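Heads up, the thing below is written out as structure tokens.
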Amino acid sequence: MRLELGNILIKDVQFGEKTKVDNGILFVNKEEIISLVREDDNFISVEVELARPGESIRITPVKDVIEPRVKVEGPGGIFPGFMSKVDTVGSGRTHVLKGAAVVTTGKVVGFQEGIIDMTGPGADYTPFSQLNNVVLVCEPKDGLKQHDHERALRMAGLKVAVYLGEAGRNVTPNEVNVYESLPLLKSIEKYPNLPKVAYVQMLQSQGLLHDTYVYGVDAKQTLSTLINPTDIMDGAIISGNCVSACDKNTTYHHLNNPIVHDLFEKHGKEINFVGMIITNENVYLADKERSSNWAANLAEYIGVDGVVISQEGFGNPDTDLIMNCVKIEKKGIKTVIVTDEYAGRDGASQSLADADPLADAVVTGGNANEVIELPPMDKIIGYTEPVNSIAGGFDGSLRENGSIVVELQAITGATNELGFNKLSAKGF
Amino acid sequence: MKKKLVTNNPLVKEKFDNKLKVEFYDIDYLKILEKVRDMIHTGNKLLSHPLSGSVKPNETPYKTVIISENKGHLDIDSLMIIEQSISTTTRFMKDEMTPDWNERIREDFQTIDLSLIENVLRNMI
């Protein structure tokens, strides 16, 4: 599988009469986006707002962030199983509006969370402050149930991302990166002296607001399996996860998974990146046992020397993480786990809800309990009332002058467990 | 293995009362975990993770845990998981107690807790 990823660098976003990319500026036809989202009669009104890096804007509560992409050569289309048929993606050529994103907002539940500040101290904690964002504020019809609201918002975001991605179809990219993976045995033959490494990605899959989809399939109903790492660059994995803003993987994270990118970067030089295993994070303990058994068996079957395992979410996935780590280590395969921490506001408490001596190589995305003060912004996109009632917020979080005191867990992507953030810790 | 639900979520009680054994207690999140721990000490086995969901333990007031109805020997794995869950919950509550939510938000939390359990039980009853 060989995928060319053509990055069209977007340096600004503006409203315009026609949706197009011109000289690095993404022009957006507001009315067309509104009509597209209003095709779903679950929404009674839709507003489209723009938020650029450095502007005094706070976006909240954020549901998902999605990067616009378009498939220009090769089988299938972006977001297979949702916006395209289920043809296998991950080969040919894809264009990316790099530097742009669609951000969906909405109060699916009363404690809906997720803050993106486009400037100030909060902006340093979220990668999405650096993007030219097209923000959708969708007002649901009365009585829309939480499940239906979540699904409608998820689809609205994907639809608008595909619509914007089309604007890049005939634009010459500023740079083209090539990602290629060979069939397993050929890959092993090609680099016989390099350690064979796979990536094990754990997908949040517990229920309402806690779901992930693979080629349109709800991940909680899947068994651990192999997936080609370039498939995810075409949107094979999308997020239906709205809880725990700091360490949920948005669809943007899945499209730009930094572990996959880094493994490709070192492929053929320091390591032989031979494949990717996806496994779920279910509530039922027998499911956890089954899924981690399969992940370990697959790692053994493809014969790797080491794996990187990433987690998603807080609490019980710590148990899946340790199960995956321990079972794979016991197969004689070395592991590195990527997680984040809930070590209390003083950082002094145990970080994870599970642990094992075999988990001796750990990368952290930071302590989600750390408290930060976010100064007032000139403009709010969305709603700030939920700030008093979000994870990491508390009664009195939202002050009269509009400033907010919250734990980092309220900020979208702040302690991301794929390492798509700036926080970490080093041991010496 | 026969199962029972230990819960403080009225929505779970309403939904499953006629289908499964449901032990409903009008107590807080931490006390539900402590009740489950006591049951594990008397031989019940833990079947769902007590920290189900990424909603934080000092955020949601509701918790449903699935355990075995039958009693056997003390299951050490179950005990480890419930003790770690209690320790995590206590740690969160030390920094900030669960707020006194309004009715709408309470219903949302009930719906989330139900959804986490419903997805497990759908194929079992």
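These values consider heavy atoms only, across backbone and side chains, with no hydrogens, waters or symmetry-generated copies. Every chain is numbered from 1, with letters handed out A, B, ... down the list of sequences. Here the structure is a predicted model, which is why all the values come from computation and not from measurement.
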Option in A:Lys248, A:His147, A:Gln350 with maximal non-hydrogen atom pairs under 4.5 Å from chain B: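 Highest number of pairs under 4.5 Å: A:Gln350.
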Contact winner vs chain B - A:Gly315, A:Ala353, A:Pro317, heavy-atom pairs under 4.5 Å: A:Ala353
Please report the closest heavy-atom contact between [X] and [Y], naming both atoms and the distance.
X	Y	result
B:Asn119	A:Gln206	ND2-O, 3.6 Å
A:Phe314	B:Ser54	N-OG, 3.3 Å
B:Ser52	A:Asn316	CA-ND2, 3.3 Å
A:Leu208	B:Ser115	N-OG, 2.7 Å

Distance, nearest 0.5 Å, that separates SG of A:Cys242 from CD1 of B:Ile112: 8.0 Å
Reported NZ-to-CD distance for the pair B:Lys56 and A:Glu407, which is rounded to 0.5 angstrom: 9.0 Å
Test side-chain contact (heavy atoms from CB on, under 4.5 Å) applied to A:Leu285 and B:Leu47, B:Leu46, B:Val120, the passing residue: B:Leu46
A:Asn369 side chain reached by B:Phe92 side chain, heavy atoms, under 4.5 Å: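 Side chain of B:Phe92 against side chain of A:Asn369, heavy atoms only: contact under 4.5 Å found.
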B:Lys94 and A:Arg345, any side-chain heavy atoms less than 4.5 Å apart: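 No - every pair of side-chain heavy atoms lies 4.5 Å or more apart.
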Residues of residues 72-91 of chain B within contact distance of chain A, non-hydrogen under 4.5 Å: B:Ile81, B:Gln84, B:Thr88, B:Arg91
Portion of B:Leu116 that has a non-hydrogen atom of chain A nearer than 4.5 angstrom: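 Interface part for B:Leu116: both.
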Below 4.5 Å from any heavy atom of chain B, which atoms of [X] appear? Answer side chain, backbone, both or neither.
X	answer
A:Lys145	neither
A:Gln204	side chain
A:Ser351	backbone

CG (B:Asp26) with more than 12 external heavy atoms under 6.0 Å: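 12 or below, so no.
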More than 12 heavy atoms from other groups under 6.0 Å of NZ on B:Lys31: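 Atom NZ in B:Lys31 is not packed in, count stays at 12 or less.
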Any donor-acceptor N/O pair, B:Asp95 side chain to A:Gly344 backbone, under 3.5 Å: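 Here the side-chain-to-backbone pair does not exist.
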